[in-house]
Amino acid sequence: MSLTVNTSPIVTTQAQYILTDSRQVSFPGQSIFFAIKGERHDGHRFLPELYAAGVREFVVEEAAFTGALRETAATWDDAQIWVVSSSIRALQQLVASKRKQFDIPVVGIAGSNGKTIVKEWLVQLLSPGRSIVASPKSYNSQIGVPLSVWNLSKEHSLAIFEAGISKAHEMEYLQPVMQPTIGIFTNIGPAHDDGFRSRKQKITEKLRLFTKVKKLIYRKDYHEIDEEISLILKPVNAFLETLSWGSNYSGSHVQVTFNPQKDKTVISLTGKLGNHTFETGFRDDASLENLTHCIVFLLDFGLEPAVIQERVLLLKPVSMRLELKEGINHSYIIDDAYNNDLQGLAMALNFLAQQEQRNRKTVILSDVLQTGQTPTELYKMVSRLLSEKSIDRLIGIGKQISSQASLFDIAEQEFYDDTDSFLKTFAFPTLADTLVLVKGARPFSFEKIVHRIQQKAHDTVLEINLDALVHNLNYYRARAGQGTKIMAMVKAFAYGSGSSEVAALLQYHRVDYLGVAYTDEGVMLRQSGITLPIMVMNATLPTFDLLWQYKLEPEIYSRRILTDWIEYITRKGEPTNTPSVHLKLDTGMHRLGFVKDDYEWLVEQLRQNPALKVATLFSHLVGADEGVHNEFSRKQYAQFMEGAELIEATLGYKTIKHILNSAGIVRFPEYRLDMVRLGIGLYGVEATGQDQRALQSVGTLKTIVSQVKYLSSGETVGYSRKGVVDHDSAIATLAIGYADGYDRGLGNGVGKVWVNGTLCPTIGNICMDMTMIDVTNAQVEEGDEVIVFGKEVPITELAKTINTIPYEILTGIGDRVKRVFFKE
Ligand SMILES: *Cc1c(COP(=O)(O)O)cnc(C)c1O
């Protein structure tokens with residue numbers, strides 16, 4: 001075969017899998033890769049890597065397929081390459097033509113909120129007895145929709161997809177890809193208002209998904225939606241039948257009332273679909289709205305009301321979270337509650353493969369729920385996925401997976417008929433020093449297994465949102481611009497967030513360098529499998545052996561440490577193994593670094609010791625976050641560049657130069673040089689305060705209510721009788737104290753925490769392990785969850801109330817507080 005370059009914009013392929021993320025390859029020989037060039041990310045960079053992994057079909061963009069890449073690709077004589085003007089559009093066209101081959105009901109869901117929940121619930125409610133294809137997770141974007149629709153196969157009798165847009169004209173591209181026959185418009189709210197001229201325009205744009213549907217379900221209480229349907233949609237969709245629901249006064253086809261009772265809600269419907277009542281355990285407005293969309297759909301679809309009622313009671317809140325936490329016997333658990341189909345399994349296995357904390361990998365897997373293949377075909381694929389990710393041990397649970405045991409070829413494997421027999425007979429001590437992926441379809445209740453094998457946490461946990469961290473990384477990447485490297489600062493236990501987990505994620509997302517304060521921190525990262533280059537800022541003579549052994553790169557900041565290092569590496573005499581160093585110039589911080597008077601001496605040393613490898617040259621701004629220091633920052637930069645020029649002239653080669661921290665990246669883009677050092681911003685705090693809204697909150701510190709008591713006016717709470725109760729009060733005791741990092745300064749009403757939607761002040765002094773709060777104005781019971789900081793209580797505000805900075809609060813969170821990592 002020879003390399004085929006297609007210039008026709010129409011992609012035709014026999015490939016079964018579409019790849020848009022170079023890191024998600026599972027079946028390379030059966031995959032086609034679409035190289036997508038975004039603001040922050042360029043898929044074309046990964047073509048050679050994918051080719052090496054066995055991918056042979058590629059769609060690339062004219063503008064990016066040039067120079068070296070084109071030359072490299074010219075040597076691949078067994079590849080097929082399509083050169084198009086936009087990979088995303090080509091992907092959409094490919095999927096649109098596949099969609100045309102299917103003639104089944106396709107439900108399309110749009111709206112500001114609730115799309116994913118309505119979709120997941122419809123699947124749960126309709127599933128028994130039906131073979132349904134649905135968008136994985138919240139795949140609803142310009143790329144997510146085609147990837148979802150691509151999963152259609154001839155065995156499916158119903159499809160349910162969601163579509164989300166953030167600006168005008170996007171829906172036009174999604175309609176032909178999805179071609180829904182039935183629509184659900186969930187609601188309209190402020191999400192993505194920025195991308196549109198007006199609320200009206202946003203509704204009109206979303207309605208474009210429904211230009212060819214035969215039926216549209218919506219809630220008539222949203223007057224604007226109702227109006228735009230009449231004004232805009234009806235004139236272009238002659239076959240449209242609307243099915244609206246709403247309050248008694250809305251004039252809708254179905255009138256709905258919600259009757260809250262003690263521990264349930266009764267939903268009554270009258271009108272076009274007949275008279276019905278349904279009971280549910282859900283009580284909040286959003287859940288009731290989402291559920292009513294589902295019920296109206298199901299009644300109209302012809303499901304028996306009794307069946308609907310039975311299944312509604314079994315509905316579970318939608319959790320798509322994947323959690324990483326500590327387990328028994330020094331193991332780590334990845335708890336993935338999301339549906340267990342082949343695609344979900346592949347995603348979870350990829351996440352498992354990213355983790356470096358333990359060498360051994362165990363998978364506890366239920367039957368895989370997927371239609372369209374014989375069990376033998378299906379479990380052959382499962383077996384291949386597991387082998388590719390080098391799984392050491394498989395524990396299969398379920399009749400189906402057990403009956404296919406002979407297809408697996410894993411070093412250790414065992415099978416159980418169901419979850420209960422596993423729990424009764426499994427030898428739990430054998431689950432030690434391993435990463436365990438727990439992946440089960442909902443009916444298998446794998447939460448029981450997770451409960452059994454997770455480390456019992458002290459009731460205070462710091463939850464780290466890994467998606468938010470990646471979002472923040474990408475924000476700074478975009479600000480720093482292409483061509484600027486990123487050193488992520490993970491000192492002090494990654495600002496309190498957990499260094500090995502955060503570092504593994506950063507490594508996966510291809511940052512260029514990591515920075516730590518002390519040698520021990522670097523050693524810890526190496527021991528947990530981190531291979532990125534690591535700079536150690538406070539390197540000292542006694543730790544040189546460790547630096548050498550673990551390939552850690554010291555910051556050289558003084559005459560003494562340079563002399564020691566030169567002597568050390570000369571004695572070692574292995575130039576090829578010598579770690580590179582980072583020279584720090586002090587331009588005004590006056591902490592560590594060479595000052596101007598040292599330059600002459602420094603340059604002389606460099607000249608005499610060519611074995612010394614200088615990787616980077618850097619300095620640090622003292623006041624990058626504040627306008628009052630602009631003048632000083634500019635002086636620092638000028639002085640740094642002067643020193644750097646002198647040093648590079650002596651070295652005879654260019655080094656990587658860097659001076660900006662998180663605040664600097666936002667305020668001094670002109671100084672970004674070759675690399676930036678990203679710290680606090682990664683963890684969700686925009687240090688200048690200018691652009692906080694662009695970042696996502698990463699850490700949520702949570703605790704629980706241990707006890708509630710009722711006190712009369714005049715009684716006191718806590719040590720030294722500081723908390724005086726001046727009205728009859730309800731007081732709750734929380735399982736967090738200053739030993740966990742809840743600063744003692746937050747006592748006596750200074751600090752407030754969030755309980756069941758109400759901010760409650762502290763009362764009395766904070767104790768070492770406990771804190772009391774006044775919950776008189778809140779609905780609180782023992783065992784309730786309490787948010788100490790997070791989205792509801794911003795850490796920036798919390799820091800201000802006690803005159804400190806978020807850095808101190810984050811790094812002060814105690815060791816006994818468990819860190820739990822999750823991604824949506
Ligand atoms: C901690 C640190 C940073 C990161 O600073 P942020 O304000 O957290 O972005 C950058 N450079 C040096 C030298 C540091 O010590």
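This is a predicted model, so every value here is computed, not measured. Atoms within each ligand, like the ligands themselves, are counted from 1 in listed order. Numbering starts at 1 and runs along the sequence shown.
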I'd like to know if the side chain of Asp545 pairs up with that of Tyr568 as donor and acceptor (distance under 3.5 Å, no hydrogens or angles considered). yes

Those protein residues which place at least one heavy atom below 4.0 Å from ligand 1: Met489, Lys491, Tyr495, Met537, Arg591, His620, Asn661, Ser662, Arg677, Gly679, Ile680, Tyr807

Assess whether atom NZ of Lys791 is packed by more than 12 heavy atoms of other residues, nucleotides or ligands within 6.0 Å. no

Any chance CZ of Arg358 has more than 12 other-residue heavy atoms, nucleotides or ligands included, within less than 6.0 Å? yes

For a quick test of reading the model, state the closest non-hydrogen atom pair linking Val536 to Ala517 and the distance between them. CG1-O, 3.8 Å

Looking only at side chains, do Arg634 and Tyr671 share a donor and an acceptor under 3.5 Å apart? yes

What salt bridge (Lys or Arg N to Asp or Glu O under 4.0 Å) pairs are there with at least one residue in residues 602-620, not counting sequence neighbours? Glu604-Arg607

